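Read the structure below first, then the notes.
Owing to the predicted nature of the structure, the values given are computational and were not obtained by experimental measurement.
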Amino acid sequence: MALTFPVYPPARYAGESEPVKRPKEFACFSYDKNHQFRFNDSSLKWYYPPDIGADLSHGSDTFVKHDDSIDEHLDSLLRTIAFHERKTGEPIDAHVVTWRGMLTKIMATPFDDEGFEMNATLYRDCIFIEEHHAFKQQKKQLENNRGKQRTPPSLMQFWGYKFETLSTIPRPWGETSREYIESRDSEIVNNKEQYCSVVRTGFGKSIVCLGGEVDAIWDAKPETPGDPINWVELKTSAEIRNHNDQFKFDRKLMRYWIQSFLLGVPKIIVGFRTQDGILSKVEEFKTMSLPYDVQRRGMAKWDGNVCIKFTSLFLEWLRLSINDEGVWRIRRQHKSDHIELFKVEEVGHGDIIMDEFMDWRIKL
Ligand code: A3P
Ligand code: MG
Ligand code: MG
C-alpha cells in the first residue's frame, strides 16, 4: 500500500518559514574530458564573459556528448563522501544524501506539474535517494517525440553547453592568454567534463548532503573552508519579446533559483538567444533576490518560501515513513496532487548504494 504526501494547495505550506542552513561545500570531485572520476577540482572553470553575436550552433557537429543512457546511480557522490570520511575518520551527519537534481524536483513540486520517480533506501540512519533512471529515459523519449519543433531538442541542448564553453576559461583570468579567450568559439564542446560540489545543507529538522554540478567560479575559492563561494550558474534562454515571453521566463526562473539555492550559487548568468541560436544579450541575476523580483512583476506565481517549507515537511515525512530496509519508490505522477511512497524491494538496498561504500562504512 502506498503512503501519500499532499502537494496542494500551496497555501498549506505558507506562513512561518522553515529554518534553512546555508549550503557549505565540504568536498568536491571532477569528471575529466573522458568522464573519468577525479577526487579534485581539476575541471573547475572560471567565468569570462562571452562575445555577443556568437552562433551557439557552431561546432554542434563535433559535440562530444556524454552517454546518459548508463545509470550512474549515486556512485561518484558516495565515493567522494567515503573519501572525505576516510580523511576525517567519522561518518557525515546527514539524514538524507542525494543529487541536487532530486531535491530540485521536490522543491518545484508545489508550483510544477512535472512527474518524477526516485528510489530511496535507508542505511544506517540515512536515506539515500537516486533517480529512477528507466523512468527518466522513458520520459525523455516521449518528450523528444512530441510534435514537430522548430529546433530539434538535441540542438537546443547543444546551445546550453556551447554557451558554457563560450563563457568559461579553464584557469583564472590572470593565467589565461588572450589567444585562448579569443579562440573559445573553436573549442570542442564536451559535456563529459564536470566539476561537482558536495555540500552540507539543511531543511527544517533535516540535514541534507547534496552533490551537484557547478558551471563556473567568478574569482577564487575562499581561504576559509565553508565560507560562501562565488559560484556562477550559466543558462541560456530565448529572448524576451513580449509579455507572454516574460511570463514564461519568470516561470523558468523558479527552476534556476531552486537549482542555485540548493548549492549556494549566488549568481545566475543568462545568455539570451534569438530563435536561431544567436547570442544576443547576457544578463546577471542575483539568486537571493530572484523570488522577490519575480513576485514584484506579479506574473508567474511561485513562492520560494513555500518551496522551502514544502521540502522541509516532505523530508520530515519521508524520514518517518522509510523506517526499515528495502528499496522504496518516491513517485509523483504528472499533475498529481500527491507524492506516493511504496516499497519496490523488500530487502537490501538495490543498486542505490555501491558495494565500495558499504564495505567502507562497515569498517568505520
Ligand atoms: P541550458 O540550461 O542553458 O538550456 P545546467 O544549466 O543545469 O548547467 O545544464 C547545462 C545544459 O545542459 C543546459 O543548458 C541544457 O542544454 C542541458 N540540460 C540540462 N538539463 C537538461 C534536461 N533536463 N533536459 C535536456 N537538457 C538539459
Ligand atoms: Mg551545469
Ligand atoms: Mg548551467
Side-chain angles (χ1 to χ4, degrees), residues 30-38 41-70 72 101 137 140-141 143-146 148-173 175-196 212-218 231-241 249 252 255-256 259-260 265 267-285:
S30 293
Y31 291 116
D32 70 7
K33 282 187 167 25
N34 301 310
H35 207 67
Q36 291 297 312
F37 177 89
R38 303 269 178 254
D41 62 4
S42 49
S43 294
L44 181 62
K45 303 269 185 273
W46 279 257
Y47 175 69
Y48 192 100
D51 287 335
I52 302 302
D55 180 359
L56 297 175
S57 304
H58 183 226
S60 58
D61 51 336
T62 56
F63 182 26
V64 179
K65 193 174 175 306
H66 177 60
D67 177 7
D68 59 10
S69 66
I70 301 160
E72 298 181 11
Q137 290 296 106
K140 214 168 101 183
Q141 204 62 45
E143 282 164 3
N144 284 349
N145 296 341
R146 208 190 303 136
K148 278 252 169 295
Q149 280 134 319
R150 183 191 154 113
T151 311
S154 57
L155 180 60
M156 206 105 104
Q157 198 187 47
F158 176 78
W159 289 347
Y161 296 116
K162 175 74 180 180
F163 179 62
E164 290 182 358
T165 308
L166 289 173
S167 311
T168 57
I169 48 181
R171 303 286 315 144
W173 290 31
E175 297 171 29
T176 306
S177 68
R178 177 109 319 259
E179 289 74 42
Y180 182 88
I181 293 169
E182 280 166 7
S183 68
R184 285 181 293 174
D185 192 32
S186 48
E187 279 291 303
I188 302 265
V189 178
N190 178 339
N191 73 340
K192 293 185 176 194
E193 199 182 5
Q194 280 183 25
Y195 169 91
C196 289
E213 195 206 359
V214 177
D215 292 333
I217 191 166
W218 185 269
W231 296 126
V232 173
E233 170 60 43
L234 299 166
K235 292 284 179 196
T236 58
S237 196
E239 286 175 321
I240 298 169
R241 296 157 306 181
F249 183 66
K252 240 170 139 178
R255 286 210 166 236
Y256 294 3
Q259 201 185 351
S260 305
V265 177
K267 202 189 283 256
I268 303 164
I269 297 183
V270 181
F272 289 98
R273 51 152 185 89
T274 65
Q275 294 295 303
D276 301 320
I278 304 296
L279 185 64
S280 52
K281 190 171 85 170
V282 171
E283 203 174 325
E284 293 178 14
F285 296 87

>> Strictly distance-based, threshold 3.5 Å: is any side-chain N or O of Asn191 a donor or acceptor partner for the main-chain N or O of His66?
In response: yes
> Do side-chain atoms of Thr176 reach the backbone of Arg171 as a donor and acceptor pair under 3.5 angstrom?
Replying inline: yes
>> Has Trp173 got a side-chain atom pairing as donor or acceptor with Tyr47's backbone, closer than 3.5 angstrom?
In response: yes
>> On a heavy-atom basis, which atom in Trp159 and which in Ser57 lie closest, and how many Å separate them?
In response: NE1-OG, 3.0 Å
>> Assess, by modelled atom type and distance only, whether the side chains of Glu233 and Ser260 contain a donor and an acceptor separated by less than 3.5 Å.
In response: no
> Quick one: does Ser177's side chain have a donor or acceptor within less than 3.5 Å of a partner on Tyr180's backbone?
Replying inline: yes
>> Please check: side-chain N/O of Thr151 versus main-chain N/O of Met156, any donor-acceptor pairing under 3.5 Å?
In response: no
>> Testing the basics here: between Gln137 and Ser69, what is the closest heavy-atom pair and its distance to 0.1 Å?
In response: NE2-CA, 3.6 Å
> Hey, is the main chain of Arg38 close enough, under 3.5 Å, to the side chain of Ser30 for a donor-acceptor pair?
Replying inline: no
> If every non-hydrogen atom of Pro49 is compared with every non-hydrogen atom of Arg184, which pair is closest and at what distance?
Replying inline: O-NH2, 2.9 Å
> Between Asp32 and Lys192, is the closest basic N to carboxylate O distance under 4.0 Å?
Replying inline: no
> If you measure from CD on Gln259 to CD1 on Ile268, what distance do you get to the nearest 0.5 Å?
Replying inline: 8.0 Å
>> Which label fits Trp231 and Tyr195: parallel for a plane angle under 30°, tilted from 30 to 60°, or perpendicular past 60°?
In response: tilted
> What about the rings of Tyr161 and Phe63, do their centers lie closer together than 6.0 Å?
Replying inline: yes
